[in-house]
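Scroll down for the structure; my scribbles are underneath it.
Lettering of chains follows the sequences in order, A, B, ..., and the numbering in each one begins at 1. The figures that follow rest on heavy atoms only: side chains count, while hydrogens, waters and symmetry mates do not.
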Amino acid sequence: NAGVTQTPKFQVLKTGQSMTLQCAQDMNHEYMSWYRQDPGMGLRLIHYSVGAGITDQGEVPNGYNVSRSTTEDFPLRLLSAAPSQTSVYFCASSYRRDRHSGNTIYFGEGSWLTVV
Amino acid sequence: QQQVKQSPQSLIVQKGGISIINCAYENTAFDYFPWYQQFPGKGPALLIAIRPDVSEKKEGRFTISFNKSAKQFSLHIMDSQPGDSATYFCAAAERSNTGKLIFGQGTTLQVKP
């Protein structure tokens, strides 16, 4: 059971380049999301998905695209990288929430992205 | 606007002491309040969580205290150990949507031997 797997672990991009951060989970979770972590700002939600074919914006969606064609995969695309997108990116997944038991969200180990 | 405010930013505690981290929120629609622990180079991992219908939840050395009227909640780590040295994040989520956590800014805890 691999949990939430992110690739690549590290990436350096030039301004204007595009790339895709991959995320896969093997827990059959309905919900998946992407966060970015910046010093002093905690984690901020970029995009999320409540199931295959359904995505929505989070707090900081500009400059990023997502799609959810399968339950397992939720890639994050940077269309034209900017230095402001230098950050650590975390993918997360969870089951549909149970009102009585709350919810456990599982995070991947992160992708370190530097845009120069 | 930061919906969940966390303090302090950093904390140094002696081994065996009590570590206390505080969070405050604005949105009264929040009804799920987890704490996450993150070690360097790793993703956050759920530590403990509370719903607003209880004022306290304890799991081992970790306790969440919740004050609904003040819109505040805190994490207490009893008998702090060097292995507890990590970054701690409080978070909140609305009843209507899971996977959509709003995080505090984080607290870096150092427990000195």
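- Note that the CZ atom of A:R44 and the CD1 atom of B:I102 stand 11.0 Å from one another [nearest 0.5 Å].
- Taking the side chain as every heavy atom from C-beta outward, B:Q38 and A:F90 approach each other to under 4.5 Å.
- Around NZ of B:K68, the count of heavy atoms belonging to other residues, nucleotides or ligands within 6.0 Å does not exceed 12.
- Heavy atoms from other residues, nucleotides or ligands lying under 6.0 Å from CD of B:Q9 number 12 at most.
- Between B:F103 and A:L45 there is no side-chain heavy-atom pair separated by less than 4.5 Å.
- A single hydrophobic cluster is seen to contain both B:F62 and B:F66, as judged by linkage of ILVMFWY side chains at heavy-atom distances under 4.5 Å, directly or through other members.
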* To do: Using the side chain to side chain contact (heavy atoms under 4.5 Å, CB included) rule, take A:I105 and B:Y36 through it: C-alpha gap first, then chi angles, then the decisive distance, then the call.
  => CA-CA 10 Å; A:I105 296 173; B:Y36 279 80; 3.3 Å; yes
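- In this structure, chain B has no heavy atom under 4.5 Å from any part of A:Q6.
- The 12-atom threshold is exceeded at CE of A:M19, counting heavy atoms of other residues, nucleotides or ligands nearer than 6.0 Å.
- Grouping the Ile, Leu, Val, Met, Phe, Trp and Tyr side chains by contacts below 4.5 angstrom, directly or via other members, places B:V54 with B:Y25.
- Counting heavy-atom pairs under 4.5 Å between each of B:A45, B:C90, B:P44 and chain A puts B:P44 at the top.
- From B:L101, atom CG reaches atom CG of A:L43 across 9.0 Å, with rounding to the nearest 0.5 Å.
- Proximity to chain B (any heavy atom under 4.5 Å) is shown, for A:Y106, by neither the backbone nor the side chain.
- The hydrophobic clustering, which links ILVMFWY residues whose side-chain heavy atoms are closer than 4.5 Å, places A:V88 and A:L78 apart.
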